[in-house]
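This report refers to the structure that appears directly beneath it.
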Amino acid sequence: MPADDPVTVLSEEDSWDLLSSVALGRFVVVTGRRAEIFPINFITQRRTLVFRTAPGTKLYHAVMSDEIAFEADGHTDVEGWSVIIHGRAHLLTAADEILDAEEAPLMTWPATVKPHFVRVIPIEISGRRFKFGPAPFR
């Protein structure tokens, strides 16, 4: 792509670097024909995502869905970026998995009990960087 191209496709490495620079994203599942979107705080751990949750709709759909999507983004005054993951969510139940997740510096934001850890295992990751500016003349 030309250096002045307003949209750049990110490498997998750049996508992971950007994901590890933020803590808030959107966890997406499809139930029937309706998309459900849940804001989550998360952490990256060895090219996976980990988040905590309480029993309820998000946890149910995370473990019952064949495939999930996740998106996080960020921006400065001159550019923005977006990274999307398609993958599977896995409820951590084994003691060693839970201990591993507990060692990650992941704090829940709301002051609620969130006893369950979920790990998102990517099947595909894609990212884009966007330069801000006026639309080109047509």
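Because the structure is a prediction, the values reported are computed rather than measured.
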Do E13 and R47 touch side chain to side chain, with heavy atoms closer than 4.5 Å?
-> yes

Going hydrophobic residue to hydrophobic residue with side-chain gaps under 4.5 angstrom, can you get from L49 over to W81?
-> yes

Side-chain contact, heavy-atom cut-off 4.5 Å: H61 with T31?
-> yes

N/O donor-acceptor pair under 3.5 Å between R129 side chain and T8 backbone | no

Exactly one candidate in I125, V28, L19 meets side chain to side chain contact (heavy atoms under 4.5 Å, CB included) with F70; the answer is L19

Is the closest side-chain heavy-atom distance between I40 and K58 below 4.5 Å?
-> yes

Hphob cluster co-occupancy, V22 + I85, side-chain heavy atoms under 4.5 angstrom | yes

When clusters are formed by joining ILVMFWY residues with side-chain heavy atoms under 4.5 Å apart, either directly or through shared neighbours, do W16 and I68 land in the same one?
-> yes

Stepwise, does the side-chain contact (heavy atoms from CB on, under 4.5 Å) test hold for V30 with E67?
-> CA-CA 9 Å; V30 175; E67 187 173 341; over 6 Å; no

Residue that, paired with F51, satisfies ring pair (Phe, Tyr, Trp, His ring centres under 6.0 Å) out of F27, F38, F42 = F27

Would a distance-only check, ignoring hydrogens and angles, find a side-chain to backbone donor-acceptor pair under 3.5 Å from S65 to A62?
-> no

Is it the case that one hydrophobic cluster holds both L99 and L106, taking links as side-chain heavy atoms less than 4.5 Å apart, direct or via other members?
-> no

Any V9 side-chain heavy atom under 4.5 Å of R128 side chain = yes

Atom CZ of F132: over 12 foreign heavy atoms under 6.0 Å = yes

CA sep, side-chain torsions, deciding dist, call: F117, D100, side-chain contact (heavy atoms from CB on, under 4.5 Å) = CA-CA 10 Å; F117 286 94; D100 184 44; over 6 Å; no

Take atom CG of D66 as the centre, draw a 6.0 Å sphere, and report whether it contains more than 12 heavy atoms from other residues, nucleotides or ligands.
-> no

